[in-house]
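None of these values were measured; they are calculated from a predicted model.
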Amino acid sequence: MEQEKIIGHFPVSLRWFATNDCNLNCSHCFFRNGNLHSSSTMSGQKFLDMVDHTQSVRKISAIQILGGEPFIREDLMQILRGLSKRKIQVSIITNGTIIPNEFYNCIDKLSVSELVFSIDGSCETTYSKIRGSNHFNDVISNLLRYREVKPKKSNLKVNYVLTKINSSSPEEIVAFFNNMSIDVLSFNFFEERGNGAINKKTLRISDKEKLDFVESVYKYRPKGKTKIQFPLHPLVLKYLSLKYKFSAPMEFRGCTAIVKEILILADGRISPCASFINKKWVQKALGFSLLSVHDKRLPGILMSPEYDLFIKNRFPKSYKNYYPCQSCEYLGNWCNPCFFESYCGRPFVADLCKEVLRRMPSLIRKS
């Protein structure tokens with residue numbers, strides 16, 4: 001136990017893929033047919049026991065529950081009550097199709113700080129093309145129901161994955177969700193993983209199209225309650241600030257894996273991050289095999305040699321193969337790109353930053 005206590009004093013958050021199952025088969029899903037899928041599912045009691053032991057060593061600041069579809073678990077409500085008794089804030093990511101009445105009826109007794117609906121279209125036609133179902137109206141009804149009953153301190157958020165199919169009308173998309181007074185609309189970029197890799201020809205969106213969409217949203221910037229989010233590097237934010245004359249809040253972009261955030265697969269294996277488990281070449285280079293909470297307690301796993309090696313190398317010693325990072329003023333203070341490519345001697349290109357420099361070459365000057 002004494003040795004376990006040296007893993008860190010700062011609070012840590014857990015991301016738990018609570019189930020491998022889902023009632024949908026979305027064309028862009030990174031989980032289905034991907035490396036995050038596992039052969040079994042950890043019991044709710046095992047998960048709560050793991051939480052208890054981890055809490056005895058290191059404070060858990062929050063837990064994010066995702067999947068698969070979390071609400072497909074028959075014991076999810078029991079797990080949520082258990083986490084509420086432990087006074088741990090919980091975020092749930094759901095497709096919004098099968099939320100039970102019990103969840104809405106007892107929301108005041110649960111410590112749900114955020115409910116995130118994954119919705120990839122602002123109309124039924126677009127939504128159905130991606131999600132392969134006609135649940136759009138049901139999902140919107142569930143979203144509005146949660147908006148009415150949610151505690152004041154609980155966020156209502158929408159995750160929207162940008163693909164070739166659903167990115168043609170940025171103003172219309174933002175207006176649709178803004179009119180529903182959700183708290184956060186978070187746009188994410190399509191990734192060629194899982195189903196996304198299978199359907200990449202119809203879903204892939206170019207760097208130019210990504211930045212065009214981002215610019216349209218920032219140029220439009222509607223007034224309203226809804227906060228708009230993008231996963232943008234500081235250089236991109238600087239470009240937008242200069243072009244559209246506003247001050248964008250700067251956010252640190254860097255690795256928090258293991259140190260601040262721990263990813264738990266459905267079967268109990270611990271991965272540093274989602275990207276790591278999808279890149280077999282870096283696992284081989286680090287001599288890494290995922291350990292499971294069924295074999296070893298979580299704090300002990302984090303003290304294991306391979307996980308310790310990950311922590312020690314999470315900031316690259318050299319960015320010489322990173323473009324345009326090696327010349328960026330934000331490198332090392334506001335932005336620390338993933339170390340995987342550096343560790344394995346591979347080139348790395350920050351695609352959206354590259355597109356920014358194509359539009360404004362003077363933004364970076366080599367010192």
Side-chain angles (χ1 to χ4, degrees), residues 15-41 64 66-70 72 93-95 97 116 118-121 126-133 135 159-168 186-214 230-233 255 257 263-267 269-286 288-290 337-341 343-344 346-355:
R15 296 186 70 215
W16 180 36
F17 287 90
T19 177
N20 294 304
D21 298 327
C22 187
N23 59 319
L24 300 182
N25 186 19
C26 305
S27 60
H28 68 313
C29 180
F30 68 86
F31 188 84
R32 195 181 285 273
N33 291 309
N35 293 327
L36 290 169
H37 195 278
S38 53
S39 59
S40 61
T41 302
Q64 184 181 75
L66 61 165
E69 170 49 47
I72 218 164
I93 299 181
T94 174
N95 61 36
T97 59
V116 185
S118 294
I119 306 175
D120 304 300
T126 303
Y127 174 92
S128 298
K129 284 181 181 178
I130 295 172
R131 298 259 160 185
S133 73
H135 288 295
N159 277 350
Y160 191 109
V161 178
L162 291 170
T163 67
K164 191 78 171 178
I165 293 173
N166 66 358
S167 57
S168 60
S186 179
F187 290 106
N188 298 288
F189 300 121
F190 165 69
E191 296 183 46
E192 295 178 11
R193 293 190 284 141
N195 276 357
I198 297 171
N199 300 304
K200 61 185 179 182
K201 288 185 177 180
T202 56
L203 298 177
R204 181 188 286 141
I205 180 172
S206 70
D207 298 330
K208 179 184 181 302
E209 290 168 324
K210 291 177 189 176
L211 194 54
D212 284 345
F213 187 96
V214 172
F230 285 97
L232 302 177
H233 291 291
C255 181
L263 188 147
I264 306 164
L265 300 183
D267 61 3
R269 287 179 297 156
I270 305 300
S271 176
C273 62
S275 180
F276 178 81
I277 199 171
N278 283 290
K279 296 181 177 180
K280 299 295 185 181
W281 45 269
V282 76
Q283 295 178 43
K284 183 178 180 180
L286 285 167
F288 209 107
S289 59
L290 299 183
C338 178
F339 78 87
F340 295 163
E341 282 76 10
Y343 190 89
C344 298
R346 295 186 174 209
F348 172 86
V349 177
D351 294 333
L352 219 54
C353 294
K354 179 182 177 181
E355 178 63 21

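Ion pairing between Asp351 and Lys354 fails under the 4.0 Å rule for side-chain N and carboxylate O.
Partners of Ser167 by side chain to side chain contact (heavy atoms under 4.5 Å, CB included), not counting sequence neighbours, listed by chain and number: Leu162, Ile205, Phe213. In this structure, Asn188 has no side-chain hydrogen bond (donor to acceptor under 3.5 Å, both in side chains) partners at least two apart in sequence or on a different chain. Contacts of Arg346 classified as side-chain hydrogen bond (donor to acceptor under 3.5 Å, both in side chains), with partners at least two apart in sequence or in another chain: none. Residues passing the ring pair (Phe, Tyr, Trp, His ring centres under 6.0 Å) test with Phe189, sequence neighbours excluded: none. Scored by the side chain to side chain contact (heavy atoms under 4.5 Å, CB included) test, Glu191 finds Arg193 as partners (sequence neighbours excluded). For Ala257, the side chain to side chain contact (heavy atoms under 4.5 Å, CB included) criterion is met by Cys255, Pro272, Cys273, Phe310, not counting sequence neighbours. Every residue two or more places apart in sequence or in another chain was checked for a ring pair (Phe, Tyr, Trp, His ring centres under 6.0 Å) with Phe30, and none qualifies. In terms of the side-chain hydrogen bond (donor to acceptor under 3.5 Å, both in side chains) criterion, residue partners of Asn166 (sequence neighbours excluded) are, by chain and number, Thr163. Under the rule for a side-chain hydrogen bond (donor to acceptor under 3.5 Å, both in side chains), the partners of Asn25 that lie at least two apart in sequence or sit in another chain are Arg32, Asn195. For Lys164, the side chain to side chain contact (heavy atoms under 4.5 Å, CB included) criterion is met by Glu209, not counting sequence neighbours. Among residues two or more places apart in sequence or in another chain, the ring pair (Phe, Tyr, Trp, His ring centres under 6.0 Å) test is passed with Tyr343 by none. For the ring pair (Phe, Tyr, Trp, His ring centres under 6.0 Å) test, residues two or more places apart in sequence or in another chain that qualify with Phe31 are Phe17, His37.
In this structure, Phe230 and Phe187 have parallel ring planes: the angle between them is below the 30° cut-off, well short of the 60° mark.
Rounded to the nearest 0.5 Å, atoms CZ (Phe348) and CZ (Phe339) are 13.0 Å apart. The CD1 atom of Ile72 sits 8.5 Å away from the CG atom of Leu24 when rounded to the nearest 0.5 Å. In this structure, CZ in Phe288 is found 10.0 Å from CD1 in Ile277, a value given to the nearest 0.5 Å. From Leu265, atom CG reaches atom CZ of Arg15 across 10.5 Å, with rounding to the nearest 0.5 Å. The CG atom of Leu36 lies 7.5 Å from the OG atom of Ser271; values are rounded to the nearest 0.5 Å. Rounded to the nearest 0.5 Å, atoms CG (Leu232) and NZ (Lys210) are 11.0 Å apart.
Inter-residue side-chain proximity for Tyr127 and His135 is flagged as met; some heavy-atom pair is nearer than 4.5 Å. Taking 4.5 Å as the limit, every side-chain heavy atom of Ile165 sits out of range of all side-chain heavy atoms of Phe190. Proximity of Ile93 to Ser118: side-chain heavy atoms (C-beta onward) are separated by under 4.5 Å at one or more points.
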Residues Ile270, Ile264; criterion side chain to side chain contact (heavy atoms under 4.5 Å, CB included); working and verdict: CA-CA 5 Å; Ile270 305 300; Ile264 306 164; 3.7 Å; yes
Thr94/Glu69 under side-chain hydrogen bond (donor to acceptor under 3.5 Å, both in side chains): CA gap, chis, key distance, verdict: CA-CA 6 Å; Thr94 174; Glu69 170 49 47; 2.9 Å; yes
From CA spacing to verdict: side-chain hydrogen bond (donor to acceptor under 3.5 Å, both in side chains), Ser38, Asn20: CA-CA 7 Å; Ser38 53; Asn20 294 304; 3.1 Å; yes
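Under the 3.5 Å distance criterion, the side-chain polar atoms of Thr41 are left unmatched by any main-chain donor or acceptor of Asp267. Side-chain N or O atoms of Ser27 include one that pairs as donor or acceptor with a backbone N or O of Ile130 at under 3.5 Å. No donor-acceptor pair under 3.5 Å is formed between the side chain of Asn199 and the backbone N or O of His28.
Surrounding NZ of Lys129 are at most 12 heavy atoms belonging to other residues, nucleotides or ligands under 6.0 Å away.
Of the residues Asp120, Thr97, Asn95, the one that meets the side chain to side chain donor-acceptor pair (under 3.5 Å) test with Arg131 is Asp120.
Contact between Ala18 and Ala266 at its shortest, heavy atoms only, is C-CB, 4.4 Å. Of all the heavy atoms in Glu341 and Lys279, the pair that sits closest is OE2-NZ, 3.4 Å. Between Leu211 and Glu355, the closest heavy-atom pair is CD2-CG, 3.6 Å.
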